[in-house]
Amino acid sequence: MAAIERTLVLLKPDAVARGLTGRLVQRFEDVGLKIVGIKMKQMDADLTRRHYFDLEERFGKGVYDATATYMQQGPVVALLLEGVEAVANVRRMIGPTFPGQAAPGTIRGDFAHMSKAYAEATGKAIANLVHASGSVDEAKYESELWFGADEQFDYPGLAERYVF
Ligand code: UDP
Ligand code: MG
């Protein structure tokens with residue numbers, strides 16, 4: 001069962017504040033992904049640094065600081081999702097980083113529209129609603145960062161019977 005993966009999703013503070021939690025969780029359940037961990041959390045500077053440990057070296061201090069402020073502006077909802085090639089499938093569902101490039105039908109394309117140019121010109125973080133692990137390695141690191149062993153669940157679901 002090598003293709004069954006677990007991946008981390010965060011509903012970012014803009015998604016939670018906009019009251020989109022239920023609709024976004026629904027989209028993941030609708031495709032048959034199984035919720036094996038879920039909680040609400042206020043990120044602090046330490047968790048932000050550990051979650052986005054390589055963001056500053058990838059994009060510079062300006063992007064890191066704007067993103068850190070954005071991620072701490074209110075609580076997030078963390079989800080651990082399980083399914084067939086869950087990492088790639090969830091990335092496909094959320095769309096690319098900049099909502100202005102994200103196709104309709106993706107979460108970032110359906111619930112936002114901000115462009116990269118606008119974010120760069122204003123120094124604003126991209127309010128793009130969701131985080132999802134970008135690779136299997138990232139998913140392993142992030143699952144352990146966000147969910148303790150007693151917060152990760154195994155239970156029989158209908159998805160294994162009808163979806164995978
Ligand atoms: N980010 C940003 N501006 C950038 C690059 C990244 O605001 O130019 C923020 C944005 O919230 C993004 C997060 O940093 O979702 C992580 O960046 P990454 O490249 O990993 O994008 P993702 O994996 O979230 O699509
Ligand atoms: Mg990423």
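Model, not experiment: these values are computed from the prediction. For ligands, and for the atoms within them, numbers begin at 1 and follow the listed sequence.
Salt bridge annotation for Arg108-Asp14: absent, with no cationic side-chain nitrogen under 4.0 angstrom from a carboxylate oxygen. A salt bridge links Arg6 with Glu82: the closest approach of a Lys/Arg side-chain nitrogen to an acidic carboxylate oxygen falls below 4.0 angstrom. Remark: Glu29 does not engage Lys34 in a salt bridge, criterion side-chain N to carboxylate O under 4.0 Å. In summary, Asp44 and Arg49 do not engage in a salt bridge, as defined by a charged side-chain N under 4.0 Å from a carboxylate O.
Any N or O atom pair closer than 3.5 Å counts here, and Ala132 shares no such pair with ligand 1. Considering backbone and side-chain N/O atoms, Thr97 comes within less than 3.5 Å of an N/O atom of ligand 1. Looking at Tyr52 next to ligand 1, no N or O pair under 3.5 Å apart turns up. The shortest N or O to N or O distance between Asn128 and ligand 1 is under 3.5 Å.
Numbered from 1 in the order shown, with element, the atoms of ligand 1 that lie under 4.0 Å from a heavy atom of Phe59 read 5 (C), 19 (O). Of all atoms in ligand 1, listed by their number and element, those nearer than 4.0 Å to a heavy atom of Arg108 are 15 (O), 22 (P), 24 (O), 25 (O). Ligand 1 places these atoms under 4.0 Å from at least one heavy atom of Ile126: 2 (C), 3 (N), 7 (O), 11 (O).
At a 4.0 Å cut-off, not a single heavy atom of Lys116 sits close enough to ligand 1 to count as contact. Not close to ligand 1: Met71, with no non-hydrogen atom less than 4.0 angstrom away. Using a 4.0 Å cutoff on heavy atoms, Met114 does not count as a contact of ligand 1.
Of the candidates Arg91, Arg58, His51, Lys12, the one placing a heavy atom closest to atom 23 (O) of ligand 1 is Arg91. Comparing Asp54, Leu10, Val63 by heavy-atom distance to atom 4 (C) of ligand 1, the nearest is Val63.
Annotation for Val76 and Lys12: closest pair CG1-CA, 4.1 Å, computed over non-hydrogen atoms. Considering every non-hydrogen atom in both Ile94 and Ala132, the closest pair reads CD1-CB, 3.7 Å. Closest approach of Leu24 and Phe28 over heavy atoms only: O-CD1, 3.2 Å.
No single ILVMFWY cluster, assembled from side-chain heavy atoms under 4.5 Å apart, contains both Ile126 and Leu11.
Looking only at side-chain heavy atoms (C-beta outward), His131 and Val9 stay at 4.5 Å or farther from each other.
Among protein heavy atoms, atom 9 (C) of ligand 1 sits closest to Thr67 OG1, 3.4 Å. Of the protein's non-hydrogen atoms, Leu55 CD1, 3.6 Å is the one closest to atom 17 (O) of ligand 1. Shortest contact from atom 8 (O) of ligand 1 to any protein heavy atom: Phe98 CZ, 3.6 Å.
Under the 6.0 Å distance and 45° angle rule, Lys124 does not count as a cation-pi partner of Tyr118.
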